[in-house]
*Asks:* 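One structure coming up, written as structure tokens, with questions to follow.
Computed from heavy atoms alone, side chains included, the values below leave out hydrogens, waters and symmetry copies.
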Amino acid sequence: VRFLLVMDVGGSMEPYAHLVSRLFTAASKATHFREVKTYYFHNCVYGHVYEDEKFHNAVRVRDLLAQCSGPQWKLVMVGDALMAPYELMQAGGSLDLEDDRGTEGIVWLHRMQQHFERSSWLNPEPEKYWTGNTIEYVHRVFDMYPLTIHGLGEAVTHLTKGRGARRAA
């Protein structure tokens with residue numbers, strides 16, 4: 001099994017940074033995973049992800065998806081999915097679009113989710129806050145699990161065995 005881990009950093013994710021960093025470090029050191037690639041974004045993916053949490057070394061999502069091809073690859077997104085609605089739904093929602101100007105963040109999330117046979121989103125926000133904001137839209141794209149021990153277990157089961165999928169909001 002190969003994992004692509006992509007994490008939202010900064011802003012409202014700051015309180016969870018240490019916890020998620022530990023999660024990514026543990027996953028990277030786990031010997032039962034064939035390969036783990038870790039990348040970062042802020043609020044939403046807009047055509048690029050970054051090799052570190054300081055947003056150095058941008059990697060085009062198109063190139064990353066080409067590198068992570070095949071059923072052995074699983075995608076895990078980690079973030080609170082909270083952002084201004086325009087960041088998710090409007091073309092130009094991010095200032096750093098370069099050659100992908102005009103593509104909405106939600107479209108990038110769909111592309112990433114559809115590329116992988118199995119994917120999940122781990123969310124540190126309590127489930128009671130997953131409706132009535134941008135989390136609800138992201139949850140429609142990804143099987144979303146709480147960033148808890150139980151939620152992590154459900155996500156891993158879904159990713160490895162195809163069970164435990166949660167219905168979209």
Side-chain angles (χ1 to χ4, degrees), residues 1-28 30 33 36-50 53 61 64-65 68-69 71-90 93-94 103-169:
V1 176
R2 295 177 172 168
F3 282 96
L4 175 60
L5 302 173
V6 186
M7 177 183 158
D8 181 7
V9 293
S12 59
M13 281 298 294
E14 198 62 38
Y16 309 106
H18 182 69
L19 170 67
V20 176
S21 176
R22 288 180 56 203
L23 169 68
F24 277 31
T25 300
S28 296
F33 298 138
V36 177
K37 292 185 179 201
T38 304
Y39 293 91
Y40 301 87
F41 66 97
H42 181 62
N43 285 350
C44 194
V45 173
Y46 306 105
H48 292 84
V49 291
Y50 299 87
E53 62 278 1
V61 170
L64 186 59
L65 295 181
C68 300
S69 208
Q72 73 276 15
W73 281 99
K74 315 298 181 202
L75 172 64
V76 178
M77 302 288 291
V78 181
D80 59 14
L82 288 170
M83 65 201 85
Y86 71 85
E87 291 181 88
L88 187 63
M89 307 305 275
Q90 283 183 233
S94 167
T103 303
E104 299 86 353
I106 194 79
V107 172
W108 282 109
L109 295 180
H110 272 286
R111 287 177 183 169
M112 292 179 75
Q113 187 277 333
Q114 290 172 358
H115 177 81
F116 294 90
E117 185 176 297
R118 295 205 184 107
S119 62
S120 65
W121 188 291
L122 294 170
N123 193 325
E125 287 294 315
E127 288 182 84
K128 65 183 178 182
Y129 300 121
W130 290 8
T131 57
N133 54 50
T134 54
I135 298 173
E136 187 172 338
Y137 291 99
V138 174
H139 192 185
R140 290 178 188 168
V141 176
F142 286 94
D143 288 310
M144 191 175 283
Y145 302 88
L147 185 58
T148 62
I149 296 295
H150 181 72
L152 186 57
E154 285 184 305
V156 168
T157 298
H158 167 67
L159 291 168
T160 59
K161 298 179 181 166
R163 292 189 292 257
R166 301 168 69 86
R167 291 196 183 117

*Asks:* Taking the six-membered ring for Trp, are Trp130 and His139 parallel (under 30°), tilted (30 to 60°) or perpendicular (over 60°)?
*Replies:*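 Perpendicular.
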*Asks:* Identify which one of Asp143, Leu109, Val6 satisfies the side-chain contact (heavy atoms from CB on, under 4.5 Å) criterion when paired with Trp121.
*Replies:*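 For Trp121, the side-chain contact (heavy atoms from CB on, under 4.5 Å) test succeeds with only one of Asp143, Leu109, Val6, which is Leu109.
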*Asks:* Are side-chain heavy atoms of Leu5 and Lys37 found at a separation under 4.5 Å?
*Replies:*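 Of all side-chain heavy-atom pairs linking Lys37 with Leu5, none is under 4.5 Å.
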*Asks:* Within the structure provided, determine whether Phe116 and Leu4 are in side-chain contact (heavy-atom separation under 4.5 Å).
*Replies:*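 Of all side-chain heavy-atom pairs linking Leu4 with Phe116, at least one is under 4.5 Å.
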*Asks:* Counting C-beta onward and ignoring hydrogens, is there a side-chain heavy-atom pair between Val45 and Met77 closer than 4.5 Å?
*Replies:*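 Touching, per the 4.5 Å side-chain cut-off.
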*Asks:* So which atom in Val61 and which in His48 form the shortest heavy-atom distance, rounded to 0.1 Å?
*Replies:*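 Minimum heavy-atom separation between Val61 and His48: CG2-N, 3.7 Å.
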*Asks:* Show the nearest heavy-atom pair for residues Ser120 and Tyr145, with the distance to one decimal.
*Replies:*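 Taking Ser120 first and Tyr145 second, the nearest heavy atoms are CB-CE1, 3.7 Å.
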*Asks:* Compare every heavy atom of Thr134 with every heavy atom of Pro85, then report the nearest pair and how far apart it is.
*Replies:*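 Here Pro85 and Thr134 meet closest at CA-CG2, 3.9 Å.
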*Asks:* Looking only at non-hydrogen atoms, find the nearest pair between Leu75 and Leu159 and report the distance.
*Replies:*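 Taking every non-hydrogen atom into account, O-CD2, 3.8 Å.
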*Asks:* Can you check whether Asn123 reaches Leu147 side chain to side chain, under 4.5 Å on heavy atoms?
*Replies:*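 They are not in side-chain contact.
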*Asks:* Within this structure, what is the CD-NZ distance for the pair Glu117 and Lys74, rounded to the nearest 0.5 Å?
*Replies:*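 Spacing of CD (Glu117) from NZ (Lys74) equals 5.0 Å.
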*Asks:* Ignoring hydrogens and geometry, is there a side-chain-to-backbone donor-acceptor pair from Tyr46 to Phe41 under 3.5 Å?
*Replies:*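 No, the answer is negative, given that no donor and acceptor are paired below the 3.5 Å cut-off.
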*Asks:* As a quick check of understanding, evaluate side chain to side chain contact (heavy atoms under 4.5 Å, CB included) for His42 and Val9, giving each step before the final call.
*Replies:* CA-CA 5 Å; His42 181 62; Val9 293; 5.5 Å; no
*Asks:* Run the numbers on Ile135 and Leu82 for side chain to side chain contact (heavy atoms under 4.5 Å, CB included), then give the verdict.
*Replies:* CA-CA 6 Å; Ile135 298 173; Leu82 288 170; 3.7 Å; yes
*Asks:* Looking at every non-hydrogen atom in both residues, tell me the closest pair between Glu53 and Tyr40 and how far apart they are.
*Replies:*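 It is N-CD1, 3.6 Å.
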*Asks:* CG/Leu65 to CD/Gln114 distance, rounded to the nearest 0.5 angstrom?
*Replies:*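 It is 11.0 Å, given to the nearest 0.5 Å.
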*Asks:* Look at the side chain of His115 and the backbone N and O of Cys68, then say whether any donor-acceptor pair between them is shorter than 3.5 Å.
*Replies:*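 Checked: pair present.
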*Asks:* Locate the shortest heavy-atom distance separating His158 from Arg118; write the atom from each residue and the value.
*Replies:*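 Heavy atoms only, the tightest pair is O-CD, 2.9 Å.
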